[in-house]
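If you're wondering where the values come from, they're calculated on a predicted model, not measured in any experiment.
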Amino acid sequence: MPFEELKERHAIVWGAGPYQGITETITDIHAEVLDRLQPEPGQRFLDLACGTGAVAERAAEAGADVVAIDLAPALVEQAKGRAEERGLRIDYRVGDVEALELADASFERVASTCGVMFAPDHAAIARELARVTRPEGRIALACWTPESGLAKLFDVMRPFQPTPPPGVGNQFDWGRENYVRDLLDDDFELEFEELDSPLEMESGEAVWELWVRDYGPTKVLAGSLDDDKREELHRNFVELHERSRVNGGLRVSRTYLLTLGTRR
């Protein structure tokens, strides 16, 4: 299968930081996705690229029968521990969103919050979404737009990273309505909304400290650089976020596209 070496690296990189501090900056997106999907007791609910389990936990609390999948074993272990502490029954699995080991038409609700967009083969993700969602089942995908603060953050990191293999999809294309329509329109009735999840912190330095500690891709990248390059990345990262200073703090716009679909 294509991109296997890249995905093996992703499984390590995304689990290199605890991530929970990052997921707590997008709780508004989790709430939006759950509000649109309205999980109910007994419904089969699938959370793809689940991270440490924020969406899966809310769906389970609503009584849904939840399966949650992530490529990074370290994040799945964190999620399992959180579920155990909260007394929640969630079927967490390490898995590949491009090749799900799940039965056809097996879920009434499917969610991904800033998750599946980072898998390399977008056509494969689209096929799997269509395959595992039941007729009349609903999906909700929240994906950062190409203009978002997250896209700009990745622009800052990109010069310090290896060139990705040929054919890897641009993750921020999932934030473009026409692109997503081309992928999903044959199988889903689609609706789109562009929303904002602003990041509010005291300084660019505080953002750097959070990301270099909790966000696996930034942590691994910073750790791979020599002192001069790491300081250059640090400086560029802080300067980017300081451009969003208002009223003594930062308010960074992070627009995302919410894709809502009903399986035909």
Side-chain angles (χ1 to χ4, degrees), residues 14-15 17-40 45-64 66-70 72 74-88 90 92 109-118 138-145 148-154 171-172 174-175 193-204 206-219 241 244 246-247 249-260:
W14 283 95
Y19 192 72
Q20 187 58 30
I22 303 300
T23 202
E24 289 171 3
T25 73
I26 57 170
T27 55
D28 56 328
I29 307 181
H30 304 149
E32 193 73 45
V33 166
L34 269 294
D35 182 63
R36 303 308 181 92
L37 289 181
Q38 290 291 308
E40 298 176 359
F45 187 105
L46 177 62
D47 183 16
L48 293 175
C50 64
T52 51
V55 169
E57 289 169 7
R58 294 188 186 211
E61 288 167 351
V66 182
V67 175
I69 294 174
D70 200 279
L75 297 186
V76 171
E77 286 306 308
Q78 286 187 60
K80 287 180 177 179
R82 288 174 55 85
E84 185 175 354
E85 290 174 1
R86 289 160 176 74
L88 297 173
I90 300 171
Y92 281 112
R109 300 288 186 270
V110 180
S112 183
T113 304
C114 310
V116 296
M117 63 181 288
F118 290 101
R138 293 163 54 199
I139 66 170
L141 312 175
C143 300
W144 302 116
T145 70
S148 68
L150 260 291
K152 293 173 183 176
L153 184 156
F154 271 69
Q171 59 265 53
F172 298 104
W174 282 97
E193 293 184 39
E194 187 170 306
L195 303 168
D196 196 7
S197 172
L199 175 68
E200 297 183 343
M201 295 189 71
E202 61 270 25
S203 67
V207 180
W208 165 257
E209 291 296 335
L210 174 60
W211 253 252
V212 82
R213 184 188 69 233
D214 279 27
Y215 196 60
T218 306
K219 181 178 181 179
H241 291 89
S244 298
V246 291
N247 299 327
L250 303 185
R251 193 175 195 274
V252 182
S253 175
R254 301 185 300 177
T255 52
Y256 66 96
L257 183 70
L258 182 61
T259 298
L260 305 170

With a 4.5 Å heavy-atom cut-off, do [X] and [Y] have their side chains touching?
| X | Y | value |
| --- | --- | --- |
| Val55 | Phe45 | yes |
| Thr52 | Glu24 | no |
| Val252 | Lys152 | no |
| Tyr256 | Ser197 | yes |
| Arg82 | Leu88 | no |
| Leu199 | Leu250 | no |

Point-to-point distance, once rounded to the nearest 0.5 Å, from [atom1] of [X] to [atom2] of [Y]:
| X | Y | atom1 | atom2 | result |
| --- | --- | --- | --- | --- |
| Ser244 | Met201 | OG | CE | 13.0 Å |
| Glu194 | Ser148 | CD | OG | 9.5 Å |
| Glu57 | Glu61 | CD | CD | 6.5 Å |
| Asp47 | Leu37 | CG | CG | 10.0 Å |
| Leu257 | Glu193 | CG | CD | 9.5 Å |
| Arg58 | Asp35 | CZ | CG | 10.5 Å |

Do NZ/NE/NH1/NH2 and the carboxylate oxygens of Lys80 and Glu77 come within less than 4.0 Å?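 A salt bridge links Lys80 with Glu77.
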For a ring-ring contact (aromatic ring centres under 6.0 Å, His included) check, start with the C-alpha distance between Phe118 and Trp14, then their side-chain angles and the critical distance, and finish with the verdict. CA-CA 10 Å; Phe118 290 101; Trp14 283 95; 5.0 Å; yes
Would you check if the side chain of Asp70 reaches a backbone N or O of Val76 as a donor-acceptor pair within less than 3.5 Å? no
Look at the side chain of Thr23 and the backbone N and O of Gln20, then say whether any donor-acceptor pair between them is shorter than 3.5 Å. no
Between His241 and Trp211, how do the two ring planes meet: parallel, tilted or perpendicular, split at 30° and 60°? tilted
Heavy-atom closest contact ([X] atom, [Y] atom, distance):
| X | Y | result |
| --- | --- | --- |
| Ser112 | Ala49 | OG-CB, 4.3 Å |
| Pro39 | Ala64 | CB-CB, 4.1 Å |
| Gly53 | Ala79 | N-CB, 4.2 Å |
| Ala68 | Ile90 | CB-CG2, 4.2 Å |
| Gly175 | Thr145 | O-CG2, 3.8 Å |

Is Gln38 atom CD crowded by more than 12 heavy atoms from other residues, nucleotides or ligands, each under 6.0 Å away? yes
Run the numbers on Asp196 and Arg254 for side-chain contact (heavy atoms from CB on, under 4.5 Å), then give the verdict. CA-CA 5 Å; Asp196 196 7; Arg254 301 185 300 177; 4.3 Å; yes
Taking only residues two or more places apart in sequence or in another chain, which ones pass side-chain contact (heavy atoms from CB on, under 4.5 Å) with Arg213?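 For Arg213, the residues satisfying side-chain contact (heavy atoms from CB on, under 4.5 Å) (neighbours in sequence not counted) are Leu210.
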Worked verdict on Phe172 versus Phe154 for side-chain contact (heavy atoms from CB on, under 4.5 Å): CA-CA 10 Å; Phe172 298 104; Phe154 271 69; 3.9 Å; yes
